[in-house]
Amino acid sequence: GGNISLTTVSGIKLTGNGQSLQYADSGAIALGTVGSLTGLTTVGGGDAAVSGTAVTLAQSSVTGNLTVTATAGDISQSAGTVTVTGAATLSAANGSVSQSGGTIKAASLALVAGNGASLTQVSNDVTILAANVGAGGLQYSDANTFAIGSAGSLTGITVNGNVAIDGTTVTLGPTQVAGDLAVTARTGSITQASGTLGVNGPATLTALSGAVTQTGGSIQAGSLAVAAKNASVLDQAGNDVGTLAASLSAANQAFQFTD
């Protein structure tokens, strides 16, 4: 069998290896259960692309790349696990991307949202995160380690608002934030090897059980707060902050900063 392109259907499963699915809806669409099928399923590296004025996500397993586009409204998720072996792109240029339940698991996740993106379920698990978000800001939580990098057509994070992201460890990458930035590593460290972290407002880097370190890149912010447990070094010559504050919770730990 070959690829499938449909305009009216809800639950789809492709059993042929490497076969792709395209679905377009003239209105809002909710992925769900139809008969014995739930959400989207591809095998053997097959891609899936779904679009509607608004899209509600549900349990899905895509072994290639997944692209979900809301042409006029929002993308939302309240239940189920969306598992993507390749790159997942969620695009709501005129709306928001939000999550009140469920999980997103993907090798990389690209978020495009005109009115904010909030994916705060702690079971989310992506390796690379990228985002281009307008008013409303960006909130993202991850169960494990993730890096800010290239995903889909995006590189890094650009947000016209505030940003709050957290994971067990976080690797910083190219970032431009018009508001405030809060990055939290819950069990490990925050690291930066490349890219410019540009923040118009305050930037807060918190490593609850680790360090905040820098081997490349730069941090440019109105103010910078560093809270870590272990010795932390931010010594790149390109750093440029207006006000600096730092706190290390473990005894006999050193802090270094170059501006």
Listed pairs under 3.5 Å, donor-acceptor, residues 78-96 side chains, sequence neighbours left out:
unit_1	atom_1	unit_2	atom_2	d
Asn94	ND2	Thr71	O	3.1
Ser96	OG	Asp74	OD1	3.3

* To do: May I have the step-by-step check of side-chain contact (heavy atoms from CB on, under 4.5 Å) for Thr158 and Val133, ending in yes or no?
  => CA-CA 6 Å; Thr158 302; Val133 178; over 6 Å; no

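- Panel note: side chain Ser141, backbone Val122; no donor-acceptor pair is recorded below 3.5 Å.
- For the side-chain hydrogen bond (donor to acceptor under 3.5 Å, both in side chains) with Arg186, the lone residue among Asp142, Thr168, Asp166 that qualifies is Asp166.
- Taken from CG in Leu129 to CD1 in Ile165, the straight-line distance is 6.5 Å, to the nearest 0.5 Å.
- To the nearest 0.5 angstrom, Gln253 atom CD is 12.0 Å from Ser247 atom OG.
- There is a side-chain donor-acceptor pair under 3.5 Å between Asn124 and Gln99.
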* Asked: Given the rule in the side-chain contact (heavy atoms from CB on, under 4.5 Å) test, do Val159 and Gln176 qualify, once you have shown the distances and angles that lead to the verdict?
  -> CA-CA 6 Å; Val159 177; Gln176 294 296 321; over 6 Å; no

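- Note: Gln77 CD to Leu119 CG = 7.5 Å, rounded to the nearest 0.5 Å.
- One distance of note links CZ of Phe255 with CG of Asp235; it measures 10.5 Å at 0.5 Å rounding.
- With hydrophobic clusters built from ILVMFWY side chains whose heavy atoms lie under 4.5 angstrom apart, Ile128 does not share a cluster with Leu197.
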* Between Thr103 and Ser123, is a side-chain hydrogen bond (donor to acceptor under 3.5 Å, both in side chains) present by the stated rule, with each step listed? -> CA-CA 6 Å; Thr103 299; Ser123 54; 2.5 Å; yes

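- Side-chain atoms of Thr169 and Thr145 form a donor-acceptor pair, as typed in the model, at a separation below 3.5 Å.
- Side-chain contact of Gln236 with Gln214: a donor-acceptor pair under 3.5 Å is absent, judged by distance alone.
- For the residue pair Asp125 and Asn144, a side-chain donor N or O sits within less than 3.5 Å of a side-chain acceptor on the partner.
- Between Ile157 atom CD1 and Leu138 atom CG the span is 5.5 Å, to the nearest 0.5 Å.
- Expressed to the nearest 0.5 Å, how far CG of Leu181 lies from OG1 of Thr175 amounts to 7.0 Å.
- For the residue pair Ala130 and Gly149, the shortest heavy atom distance occurs at CB-O, 3.4 Å.
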